[in-house]
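Residue numbers start from 1 in every chain, and the chains themselves are labelled A, B, ... in the order their sequence lines are given, proteins ahead of strands.
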Amino acid sequence: MTPVFALVDCNNFYVSCERLFNPSLKHVPIIVLSNNDGCVIARSQEAKSLGIEMAIPAFKIKQQIEQHSLRVFSSNYPLYGDISSRVMATLESLAPQVEIYSIDEAFLNLTGFNLLGSLEDYGQTIRQTIGQHVGMPVCVGLAPTKTLAKLANHAAKKYPATASVVDLTDPERQRKLMAITPVGEVWGVGRKNAEKLKRLGIKTVLQLAQMDKASARRQFSILMVKTIEELNGQVRFALDESPAAKKQLMCSRSFSKRLTEYVPLREAICEFAAQAAERLRSGGQVCGTINLFIRTGACEPDEKAYSGSATAKLPTPGSDTRTILKITTDLFDSLWKEGYRYAKAGVMLAELCDPNNVQLDLFSQPSARIDNDGLMSVIDKINQTGRGKIWFGGQRPKRDWFMKQAHLSPAYTTRWDDLPLVN
DNA sequence: TCTGGGGTCCTAGGACCC
DNA sequence: TCTGGGGTCCTAGGACCC
């Protein structure tokens with residue numbers, strides 16, 4: 001049976017989320033900024049047409065923002081996350097197998113799925129259903145492999161004549177599309193490898209599909225070979241419905257201003273460590289090691305630069321904020337150096353594992369293995385009803401180093417006070 | 001003044017073992 | 001003392017994704 005994968009990808013996802021509850025934003029140019037209002041991470045079609053580039057720092061386009069009355073938003077992840085889960089829930093009702101690939105896209109496995117009409121009709125059904133249930137515009141690409149489905153989706157976005165759905169199951173159609181698509185558009189071919197491929201004379205996707213696999217293995221990696229095979233219709237990347245457990249978890253931020261004093265930086269680091277620990281517990285995991293990094297700014301060349309990183313092992317894997325804070329602050333004391341202007345820091349929890357599957361220390365007492373006094377779960381429960389109700393001594397949530405969010409929209413769907421009103 | 005945050009996988013090279 | 005081959009494990013760095 002020929003495999004059929006669909007890739008459903010939301011159009012300008014963050015921008016579309018902002019528009020859902022604010023109709024005045026339709027048809028006007030909008031951009032959404034990264035954390036700290038740093039750079040552009042989403043653009044409406046109108047903003048793209050104005051030539052606003054992806055990932056450009058906001059300060060560089062100040063003039064364009066004023067000139068074209070661009071509407072600017074800070075990223076609002078509680079809102080985007082909630083809209084995302086609604087889109088995914090709708091998709092789960094439309095296909096037998098769904099792999100949530102990112103916040104705004106999902107692969108469906110439609111192999112052998114009994115469709116009433118054509119694949120293209122089903123793509124339109126998906127679009128209409130998500131439009132009706134959530135109000136989110138999406139594009140759908142259909143093909144025998146994930147890599148080709150990605151390509152089909154790209155075409156559905158790029159060419160209006162496709163009505164946002166492209167069925168790329170026909171080999172002749174695959175060839176035609178691959179011949180006019182630059183190689184850098186392929187899923188898995190990034191900027192570096194696209195440049196390298198071009199130097200080898202491979203400029204289109206079709207040329208990559210026809211590349212000699214042995215030569216691809218030599219000059220790139222096994223991933224490039226798999227990508228070539230996928231472009232030729234052979235499934236090398238299967239649908240993954242239940243992604244593997246996380247292996248590491250990070251909480252890091254740039255500060256809204258440089259930190260030069262010991263205490264505020266320590267508070268920030270404690271905050272990151274506590275947040276990371278909370279996420280660790282919410283995933284039902286424990287961690288074996290903790291890594292801390294602190295560093296100065298990268299974009300001020302005349303400033304004294306310092307970047308420090310250190311790792312420590314937990315005596316036994318755990319997820320207790322008290323333990324994690326203690327180790328993190330010890331690491332901080334080993335890294336801290338006076339006289340620098342710190343711009344960013346982060347805490348990474350690694351060697352994550354299932355608490356029931358922990359490799360025991362020969363000499364550890366069972367009671368010391370897992371945080372079992374119940375304190376953490378009580379704190380988590382309380383904090384679930386509103387962030388930052390309870391915190392530990394070293395933390396100072398929402399201090400002035402906290403990220404800049406000058407253009408934040410309301411949390412329409414996740415905070416009672418922000419519910420939109422209908423008059 | 002101002003350039004995100006959070007992940008995964010692959011490879012090369014070194015240490016160490018037999 | 002020198003040399004060879006084969007293997008594992010770990011780490012750092014790089015590339016990719018969104």
Side-chain angles (χ1 to χ4, degrees), chain A residues 7-10 12-14 31-42 53-63 65 72-77 80-81 84 99-107 146-147 150 153-154 183-197 216-227 236-237 240 243-258 272 275-276 279-280 283 288-289 291 293 295-303 307 309 311 313 341 343-352 402-407:
Chain A
L7 177 64
V8 181
D9 192 324
C10 301
N12 315 324
F13 181 62
Y14 296 168
I31 54 174
V32 177
L33 304 179
S34 64
N35 280 343
N36 265 319
D37 293 345
C39 51
V40 174
I41 52 168
E53 285 168 58
M54 189 65 168
I56 193 167
F59 73 91
K60 283 193 182 170
I61 54 166
K62 229 176 156 180
Q63 203 210 329
I65 290 175
V72 179
F73 290 88
S74 307
S75 6
N76 185 344
Y77 287 105
Y80 309 154
S84 173
E99 174 187 340
I100 298 171
Y101 179 67
S102 75
I103 194 167
D104 74 332
E105 61 190 295
F107 288 103
K146 283 175 155 185
T147 304
K150 271 270 191 185
N153 193 287
H154 172 254
V183 73
E185 299 294 343
V186 174
W187 185 43
V189 177
R191 198 170 47 86
K192 293 272 182 187
N193 282 343
E195 281 167 22
K196 193 168 164 188
L197 284 165
R217 181 68 188 86
R218 267 199 316 277
Q219 303 185 64
F220 299 89
S221 75
I222 190 74
L223 284 177
M224 190 63 84
V225 177
K226 287 189 182 177
T227 296
R236 291 293 177 265
F237 304 121
D240 191 0
K246 261 201 191 76
K247 294 176 178 171
Q248 56 184 43
L249 180 162
M250 179 144 79
C251 184
S252 75
R253 288 282 179 288
S254 301
F255 307 123
S256 57
K257 58 172 200 176
R258 296 286 190 266
F272 299 158
Q275 276 186 33
R279 274 165 50 202
L280 182 67
T289 63
N291 174 270
F293 75 84
R295 68 162 177 255
T296 55
C299 42
E300 285 154 60
D302 21 306
E303 226 176 273
S307 170
S309 158
T311 304
K313 227 175 162 58
R341 303 179 69 235
K344 185 173 181 175
V347 173
M348 193 198 311
L349 307 182
E351 291 179 25
L352 305 195
F402 195 75
M403 64 184 175
K404 200 153 69 179
Q405 290 184 308
H407 312 278

Comparing A:Gln248 with A:Lys344, nearest DNA chain B nucleotide closer to 5' gives the residue A:Lys344
- Query: Is the count of non-hydrogen atoms from other residues, nucleotides or ligands lying under 6.0 Å from A:Glu53 atom CD greater than 12?
  - Reply: no
Rounded to whole Å, the CE-P distance (A:Met348 to B:dG7) equals 9 Å
OP1 or OP2 of B:dG6 sitting under 4.0 Å from any side-chain N/O of A:Ser252?
yes
Rounded to whole Å, the CD-P distance (A:Gln219 to B:dT11) equals 14 Å
Considering every strand and a 4.0 Å limit on heavy-atom distances, what is the contact class for A:Asp37: base, sugar-phosphate, or nothing? nothing
Of the candidates C:dC17, C:dA15, B:dC2, the side chain of A:Asn193 sits closest to C:dA15
Below 4.0 Å: OP1/OP2 of B:dT11 and any side-chain N or O of A:Arg217: yes
Annotated structure of DNA chain B as dot-bracket, pair cut-off 3.5 Å, Watson-Crick or G-U only, | for inter-strand, is ....||||||||||||||
A:Tyr14 atom OH is separated from C:dC18 atom P, nearest whole Å, by 12 Å
Within the side chain of A:Ser34, is there an N or O that forms a donor-acceptor pair under 3.5 Å with the backbone of A:Cys39? yes
### Message
When you measure from the side-chain N and O atoms of A:Ser254 to the phosphate of B:dG5, is any distance below 4.0 Å, counting only OP1 and OP2?
### Response
yes
Ignoring hydrogens and angles, write down the donor-acceptor pairs under 3.5 Å from the side chains of residues 243-250 of chain A, residues two or more places apart or on other chains.
none

### Task
Give a yes/no on whether any side-chain N or O of A:Lys247 is located under 4.0 angstrom from OP1 or OP2 of B:dC9.
yes
Looking only at side chains, do A:Ser309 and A:Asn291 share a donor and an acceptor under 3.5 Å apart? yes
Of B:dC10, C:dC18, B:dT3, the nucleotide closest to the side chain of A:Ser221 is B:dC10
note: A:Tyr77, atom OH; B:dG6, atom P; distance rounded to Å ~ 9 Å
When rounded to whole Å, the CG to C1' distance for the pair A:Asn291 and C:dA12 reads 13 Å
Whole-Å distance, A:Arg258 CZ to B:dT3 C1', equals 10 Å
Of the listed B:dG4, B:dT3, B:dT1, the closest approach to the A:Lys62 side chain comes from B:dT1
Per atom distances to the A:Lys246 side chain, the nearest of B:dT8, B:dT3, B:dG4 is B:dT8
Atom CD of A:Glu351 and atom P of B:dG7 are separated, to the nearest Å, by 16 Å
Sequence neighbours excluded, the answer for ring-ring contact (aromatic ring centres under 6.0 Å, His included) partners of A:Tyr80 is A:Tyr14, A:Tyr77
Against the side chain of A:Ile222, the closest entry in B:dG4, B:dC10, B:dC2 is B:dC10
Give one of base, sugar-phosphate or nothing for A:Lys226, where a contact means two heavy atoms less than 4.0 Å apart. nothing
* Asked: When all nucleic acid strands are considered with a 4.0 Å heavy-atom cut-off, which category describes A:Leu33: base, sugar-phosphate, or nothing?
  -> nothing
A:Asn153 atom CG is separated from C:dC17 atom C1', nearest whole Å, by 15 Å
